[in-house]
Amino acid sequence: MNMIPFLDLKPQYKELEKPINERIQTILNHGQFILGPEVAECEKALAAFTGSPYCLTMSSGTDALMAALMALDVGPGDEVITTAFSFFATAEVISLVGAQPVFVDIDPVSFNLNPKLIEKAITKKTKAIMPVSLYGQVADMDEINAIAEKHGITVLEDAAQSFGGVYKSKRSCNVSKVSATSFFPAKPLGCYGDGGAVFTTDKALYERMIRIRVHGQESRYHHVEMGLNARLDTIQCAVITEKLKRFPWELKKRDQIAQKYNEAFKNIEGRLKTPFVKAGNISAWAQYTVLVDKRDEFAAKLKDKGVPTSVHYPSPIHHQPVYKDLKDKFNLPETNLAASKCISLPMYPDLTEENLSRVIAAVLEVMK
């Protein structure tokens, strides 16, 4: 039996082939491959989409997080509260700036950082809180921002998976002082390689991140601080700008697919836990992730029926070998449980009705 694609970007390209090719050809003609005019055009479009006053494109989502932490002066001796149920980069950037990640358990319903547990983790060393808006659903930002304000610390939203998501009428990347997202090709809005962006409501922070993006350079060959080589290529910015035009339609399609999954699986909820989107939220549906017992057996049976799956994420960050000293320091039962049971089904806007039906039928057959 032929395998359904877990992710297929080719239909999207076919829809956008002419305008994207024309944009790329324009750049090849003018030759401004670094910080060409398309970069500012892209940043303006992204800022307008999110409602954030300032946007700066970056070479990756990881570099976007890194630049934000550097601009916030997070460094040795500081602590950053975050989640261990995320991609490794969330904690990696904290360690790379010399700070200490402090892991707090997740809300078992949303898989996002549990705001009720944050205050207990705050110490005199806490410099920032970095909630991850996992799988496309924005974290509980009102509660998190209130805690941060009370203690005089900054919130940095890791929005790598949630660009396009909505929290109480506001877009992800515009729900905290500073946010970072990723345009990795598999993300809800992806480019044709690595890419990312930072967003902020603070002009001074924005101006500092501009310097950090180019080696801490204030003017040509005049460096006032340490920085990164983190510019996003002009071609990638042109791709993002063009894809952004189709993006609202894609978000609607993702949500429609998610609702069809939910409806199809409602009668097996006791054996397969479907995602829960909190009231007032609209998920960007970066993933459609369920919880099942005997995950490996479930995945193998689906594979036999031509349905691929993926696990996001099988091992919490504090269980990674590089963080072996932290494994026993944090008690994260909900994180550990989710990591042992989570599994993602195909989710992308150009998933055909035929293939969606095949996925649903296969899951229902396996779960009998």
TODO: Assess whether side-chain contact (heavy atoms from CB on, under 4.5 Å) is satisfied between Thr241 and Glu38, documenting all intermediate values.
DONE: CA-CA 8 Å; Thr241 301; Glu38 289 80 4; over 6 Å; no
Task: side chain to side chain donor-acceptor pair (under 3.5 Å) evaluation trace for Gln137 with Ser283 - done: CA-CA 4 Å; Gln137 179 168 201; Ser283 178; over 6 Å; no
Open item on the list: side chain to side chain donor-acceptor pair (under 3.5 Å), that's the test. Do Glu92 and Thr62 meet it? Break it down for me.
Closed with: CA-CA 9 Å; Glu92 180 185 30; Thr62 303; 5.1 Å; no
Open item on the list: Let's go through Glu15 and Lys245 carefully: what are the C-alpha distance in whole Å and the side-chain angles of both, what is the deciding distance for salt bridge (charged side-chain N to carboxylate O under 4.0 Å, His left out) to 0.1 Å, and is it a yes or a no?
Closed with: CA-CA 11 Å; Glu15 286 291 317; Lys245 297 174 184 178; over 6 Å; no
Open item on the list: Set out, in order, the CA-CA distance, both residues' side-chain angles and the distance that settles side-chain contact (heavy atoms from CB on, under 4.5 Å) for Thr57 and Arg213, then state yes or no.
Closed with: CA-CA 9 Å; Thr57 52; Arg213 182 174 69 170; 3.6 Å; yes
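Using a cut-off of 4.0 Å between Lys/Arg side-chain N and Asp/Glu carboxylate O, Arg211 and Glu225 are scored as salt-bridged. Remark: Glu250 does not engage Arg254 in a salt bridge, criterion side-chain N to carboxylate O under 4.0 Å. Using a cutoff of 4.0 Å between basic side-chain nitrogens and carboxylate oxygens, Glu334 and Lys116 are not scored as salt-bridged. Here Arg271 does not pair with Asp293 in a salt bridge; the nearest charged N to carboxylate O distance is not below 4.0 Å. Under 4.0 Å is where a charged nitrogen must lie from a carboxylate oxygen, and between Glu297 and Lys301 at least one such pair does. Taking 4.0 Å as the cut-off between side-chain N and carboxylate O, Asp73 and Arg208 count as a salt-bridged pair. Comment: Lys278 engages Asp140 in a salt bridge, judged by a side-chain N to carboxylate O separation of less than 4.0 angstrom.
Here OG1 of Thr83 is found 6.5 Å from CD1 of Ile317. Values are rounded to the nearest 0.5 Å. Note that the CE atom of Met58 and the CD atom of Gln236 stand 15.0 Å from one another [nearest 0.5 Å]. Once rounded to the nearest 0.5 Å, the distance linking NZ of Lys266 with OG1 of Thr274 reads 11.5 Å. The distance from atom OG1 of Thr352 to atom CG of Asp8, rounded to the nearest 0.5 Å, is 9.5 Å. The OG1 atom of Thr309 sits 11.5 Å away from atom CD1 of Ile4, with the distance rounded to the nearest 0.5 Å.
For the pair Ile129 and Leu156, the minimum side-chain heavy-atom distance is 4.5 Å or more. Counting only heavy atoms from C-beta outward, the side chains of Gln256 and Lys253 approach each other to under 4.5 Å. With a 4.5 Å cut-off on side-chain heavy atoms, Leu46 and Phe199 count as touching. Using a 4.5 Å cut-off on side-chain heavy atoms (C-beta onward), Ile210 and Val214 make no contact. Residues Leu189 and Phe49 form no side-chain contact, since every pair of their non-hydrogen atoms from C-beta on lies 4.5 Å or further apart. Inter-residue side-chain proximity for Val311 and Cys342 is flagged as met; some heavy-atom pair is nearer than 4.5 Å. Side chains of Glu143 and Ile118 form no contact here, defined as non-hydrogen atoms less than 4.5 Å apart. Residues Trp285 and Val277 meet the side-chain proximity criterion, which asks for heavy atoms closer than 4.5 Å.
Note on ring orientation: taking the six-membered ring where Trp is involved, the planes of Phe103 and His318 are tilted (angle from 30° to 60°). Relative ring orientation between Tyr261 and Tyr288 is described as tilted, the plane-to-plane angle lying within the 30° to 60° band.
Taking the six-membered ring for Trp and the full ring otherwise, the centers of Phe88 and Tyr313 sit at least 6.0 Å from each other.
Around atom CD of Gln25, more than 12 heavy atoms belonging to other residues, nucleotides or ligands sit under 6.0 Å away. By the neighbour-count criterion of 12 heavy atoms within 6.0 Å, atom CD of Glu149 is sparsely surrounded, having that number or fewer from other residues, nucleotides or ligands. Heavy-atom contacts from other residues, nucleotides or ligands closer than 6.0 Å to CE of Met226 number 12 or fewer.
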